[in-house]
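Each chain gets a letter, A, B and so on, in the order the sequences are listed, and its residues count up from 1.
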There are 2 protein chains.
Amino acid sequence: MLGFQTSETHSFRPQSSRISISPPTGSTLDERMAYASVRKLESKEHVFCEGDPRLHVFRVEEGVIAIYKTLCDGRRRIIDFAYPGDLIGLGALEEHILSAQATCTSKVRCLSASALEAFAETDANLALKLYKSVCQELAATRSLLVTVGQRSAVERVASFLLALHRRSGDADGSTVTLAMRRSDIADLLGLTIETVSRTLTKLRTMNVIEVEQGGTTVTLCDVARLADLANE
Amino acid sequence: MLGFQTSETHSFRPQSSRISISPPTGSTLDERMAYASVRKLESKEHVFCEGDPRLHVFRVEEGVIAIYKTLCDGRRRIIDFAYPGDLIGLGALEEHILSAQATCTSKVRCLSASALEAFAETDANLALKLYKSVCQELAATRSLLVTVGQRSAVERVASFLLALHRRSGDADGSTVTLAMRRSDIADLLGLTIETVSRTLTKLRTMNVIEVEQGGTTVTLCDVARLADLANE
DNA sequence: GGCCGCCTGTTACATTCTCTCACAATTCGT
DNA sequence: ACGAATTGTGAGAGAATGTAACAGGCGGCC
């Protein structure tokens, strides 16, 4: 969920006249990405697991990747869903401290972690991009923390739907696609799958949302009301 | 909670032979900090509030600063406690999106945000430091997310005590100081003050902790058991 | 094609936990 | 020492969970 848009042009201080000239070949993130290998993932397949050596940084191309941590008793706490354009695997050191798993058929692009970070050592521009990206991820994680910290299940689910809508649903208006299982949503929000299901039903009977065909597509009928329920 | 140790020397890639030579004066963060003004805060006094223009970045010198967000209905969700050495105010743009409030008598050092970030544009080393710092904060926020996402009150309180112990309690063994009110802990963990109080009592009767004088000092009698209760 | 098992999602009911509201006990500041 | 603020404790209400049963979709298999 880093929101690392490699094509974004506004620098950290837009008023600055400094422009970093890209070295001739393979230097910008876009170029590096273009040469990076693509890996296709089936649903529930792992990109990496806790404890794996951190060899690569990945950019999501298609699908949704769940970033999660496994607790001692086997429960799974999803920290974040990564969507196309997001970078995953940044910030860790020698080993991954979280696991990453596809919630549906997905594609990721692999980039050497050491090469990226070595290059950032000499390029303030790239380093700042990394900084900005992690800042965005931090903001998203904080937002999720606020959501999960809220008591009621309705608030959490409503917040989740709104966040999904804000992120993915600019185009087709008020329809969002849940590209993950109920169990994934439950593990993200700290609820059970039954509670998620019940809450969606509740929102449906309140005429705030409509759920279609197998529960993968949700239409937000009353965004204002949903925002009210989410306390936002 | 950025854990931005300005004196840390290991670079992002320790094996790299590149060393950034600091410009003659006022360039390193330590030097800038030395000249920065110190502001003293009483308990419950604000460092900044949501919506304030982001003029400064602050480093906590003494005390504890609660970083929080206010919800529509007036509830307060604490995102983080910042301890001495931590930087706060990074990552935002024009305005602060969170509030920062002292939980006890504290001191912070003020640093111009624009100056710091302008300097980072030309110094990959500083930019990388910022990057690493935010990564640390991200890890801490994720850790808190795992804690809050856990269902039971015992797990949350136990996790909180352990986190506090890991952070502050290297020196005096197993004693941690709660430099904040019960209400602050409750708003961090998504519980009520009554539940926090009851849970501490429960842990006390289980002989896992000891609480002394007004509940500000806690001794962890059985760290292993506490970790078990916290599911860590 | 039809049968079967597997997985996911939904719903109902009993249980358990936290929250709300009440008030007592303690600490702290003046 | 007094009053205000904070903390601790109890009883009842409410909400989420756990358990269980059931419906629907999907693929394998005969």
Taking the inter-plane angle between the rings of Tyr83(B) and Phe81(B) on a 0 to 90° scale, is it parallel (under 30°), tilted (30 to 60°) or perpendicular (over 60°)?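 Ring orientation, 0 to 90° scale: perpendicular.
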Atom-pair distance ([atom1] on [X]; [atom2] on [N]), nearest Å:
X: Leu191(B); N: dC17(C); atom1: CG; atom2: C1'; value: 11 Å
X: Glu194(B); N: dA22(C); atom1: CD; atom2: P; value: 12 Å
X: Ile193(B); N: dT18(C); atom1: CD1; atom2: P; value: 16 Å
X: Leu203(B); N: dT9(D); atom1: CG; atom2: P; value: 13 Å
X: Arg204(B); N: dT9(D); atom1: CZ; atom2: C1'; value: 11 Å
X: Glu212(B); N: dT7(D); atom1: CD; atom2: C1'; value: 16 Å
X: Leu178(B); N: dT27(C); atom1: CG; atom2: C1'; value: 15 Å
X: Lys44(B); N: dC28(C); atom1: NZ; atom2: P; value: 15 Å

Whether the side chain of Arg198(B) and the base of dG10(D) hold a donor-acceptor pair under 3.5 Å is what I'd like checked.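 Side chain to base: pair found, below 3.5 Å.
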Exam field: side chain Ser106(A) to backbone Cys104(A), donor-acceptor pair closer than 3.5 Å: yes
N/O donor-acceptor pair under 3.5 Å between Thr199(A) side chain and Thr195(A) backbone: yes
Closest to the Thr192(B) side chain: dG9(C), dC19(C), dT9(D)?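 Out of dG9(C), dC19(C), dT9(D), the nucleotide with an atom closest to Thr192(B)'s side chain is dC19(C).
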Please pick, from dT6(D), dT18(C), dT10(C), the nucleotide with the shortest atom-to-atom distance to any side-chain atom of Arg181(B). dT6(D)
Report yes if a side-chain nitrogen or oxygen of [X] is closer than 4.0 Å to either non-bridging phosphate oxygen (OP1 or OP2) of [N]; otherwise report no.
X: Ser183(A); N: dT8(C); result: no
X: Thr195(A); N: dA16(D); result: no
X: Arg182(A); N: dT10(C); result: yes
X: Lys202(A); N: dT11(C); result: no

Electrostatic pair Glu42(A)-Lys44(A), nearest N-O below 4.0 angstrom: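 Salt bridge flag = no for Lys44(A) with Glu42(A).
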Can you tell whether the side chains of Glu62(B) and Arg109(B) come within less than 4.0 Å, N to carboxylate O? no
